[in-house]
Amino acid sequence: MNEAFTWSLVDEYIEDRLIPRDPALDEALDANRQADLPPIDVSAAQGKLLQLFARMAGAKRILEIGTLGGYSTIWMARALPEDGTLVTLELDPRHAAVAVANAARAGLDRVVDVRVGPALEQLAELDAEGAAPFDLIFIDADKPNNPAYLTWALRFSRPGTVIVGDNVVREGAVIERHSTDPRVQGVRAFFDLLAQEPRISATAIQTVGSKGYDGFMIGIVNG
Ligand SMILES: C[S@@+](CC[C@H](N)C(=O)[O-])C[C@H]1O[C@@H](n2cnc3c(N)ncnc32)[C@H](O)[C@@H]1O
Ligand SMILES: [Mg+2]
């Protein structure tokens, strides 16, 4: 059997056994399709993993960089208490509008704050507002800016903050040091920064599934 086909079937099996259906998440994916958003959201199994990280961290404040239609947003926001907050940053106003509607349909409009514009500008604005530290930060936007996003993530952290980065393996292309793909170079610079950053303890895990072969970086800010 074709490998990628098996990975998808196994994801279906995992979803069937371990991931109860959440109509709001299914509706979010439908709304994304209808709005022609690219299907580059996390898988259900990965969304659940992010939700579990949020619960393990006892998160009350989550920052997401890269919203798309808010699929991962909803997964993580479901882990928040009623007075929790999830700030999510999105460049494309069309994506952001779909995400706002999806979060509202999920009953999360009071906890989810979708901010539109280049994330680097939005992060500077959050800083100017004196934003309190976040408990979990999920980096999943334009990969060339990953090093800058990590620097900002550290600024918005406290000891114990969990930082997760998506798409850090890129079908194995991460090891191609001469790659001309700026996303690969962004991820490699992200690893370089992590390697010499004493404030964070990190690893990366390769993943396969319905979204192909990729990986997550998971780190915790040291005390
Ligand atoms: C991979 S998608 C996010 C997927 C989403 N986290 C999920 O799993 O459901 C990346 C998103 O980042 C957005 N993006 C790209 N460049 C950006 C930037 N400079 N600032 C903010 N968002 C950006 C894209 O428009 C896209 O919606
Ligand atoms: Mg991603």
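Atoms within each ligand, like the ligands themselves, are counted from 1 in listed order.
Asp140 contributes OD1 and Asn167 contributes OD1; the angle these two atoms make at the Mg ion (ligand 2) is 80°, rounded to 10°.
The nearest pair of heavy atoms linking Arg78 to Ala106 is NH1-O, 2.9 Å. The shortest heavy-atom contact between His95 and Pro38 is NE2-CD, 4.1 Å. Of all non-hydrogen atoms in Val112 and Ala77, the two that sit nearest each other are CG2-CB, 3.9 Å.
Checked against the Mg ion (ligand 2), the N, O or S atom of Asp166 at the shortest distance is OD2.
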Working note: Asn167 + Asp214, criterion side-chain contact (heavy atoms from CB on, under 4.5 Å); need CA distance, chi angles, decisive distance, verdict.
CA-CA 6 Å; Asn167 312 114; Asp214 214 322; 3.1 Å; yes
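Comment: Asp142 does not engage Arg183 in a salt bridge, judged by the lack of any side-chain N to carboxylate O separation of less than 4.0 angstrom. A salt bridge links Lys143 with Asp140: at least one charged nitrogen is closer than 4.0 Å to a carboxylate oxygen.
Ligand 1 has no nitrogen or oxygen under 3.5 angstrom from a nitrogen or oxygen of Asn145. Geometrically, ligand 1 and Lys143 share no nitrogen or oxygen pair separated by less than 3.5 Å. Checking only distances, Ala119 does come within under 3.5 Å of ligand 1, N or O to N or O.
Close approach to Asp41 involves these atoms of ligand 1, each under 4.0 Å from a residue heavy atom: 7 (C), 8 (O), 9 (O). Per-residue contacts place Pro118 under 4.0 angstrom from the following atoms of ligand 1 (heavy atoms of the residue considered): 20 (N). In the vicinity of Tyr149, heavy-atom distances shorter than 4.0 Å reach the ligand 1 atoms 18 (C), 19 (N), 20 (N).
Within the 3.5 Å criterion, the main-chain N or O of Trp75 finds a donor-acceptor partner in the side chain of Gln51. Between the side chain of Glu171 and the backbone N or O of Ala173 there is no donor-acceptor pair closer than 3.5 Å.
The residue from Gly117, Ser72, Gly70, Gly69 that puts a heavy atom closest to atom 9 (O) of ligand 1 is Ser72. Ranked by closest heavy atom to atom 10 (C) of ligand 1, the top entry among Asp140, Leu68, Ile65 is Asp140. Between Leu50, Leu91, Thr73, it is Leu91 that holds the heavy atom closest to atom 14 (N) of ligand 1.
Taking atom 8 (O) of ligand 1 as the reference point, the nearest protein heavy-atom neighbour is Val42 N, 2.9 Å. Nearest non-hydrogen protein atom to atom 17 (C) of ligand 1 is Asp142 OD1, 3.4 Å. Shortest contact from atom 25 (O) of ligand 1 to any protein heavy atom: Glu90 OE2, 2.6 Å.
No side-chain heavy atom of Leu80 sits under 4.5 Å from any side-chain heavy atom of Thr85.
Residue contacts with ligand 1, taken as heavy atom pairs separated by less than 4.0 Å, involve Thr67 solely via the backbone atoms N, CA, C and O. Under 4.0 Å from ligand 1, heavy atoms of Ala141 appear from its side chain as well as its backbone.
Within the 4.0 Å heavy-atom shell around ligand 1 one does not find Trp75. At a 4.0 Å cut-off, at least one heavy atom of Glu64 sits close enough to ligand 1 to count as contact.
Residues passing the ring-ring contact (aromatic ring centres under 6.0 Å, His included) test with Trp152 are Phe156, sequence neighbours excluded.
Residue Val184 shares its hydrophobic cluster (ILVMFWY side chains chained together at separations under 4.5 Å) with no other residue.
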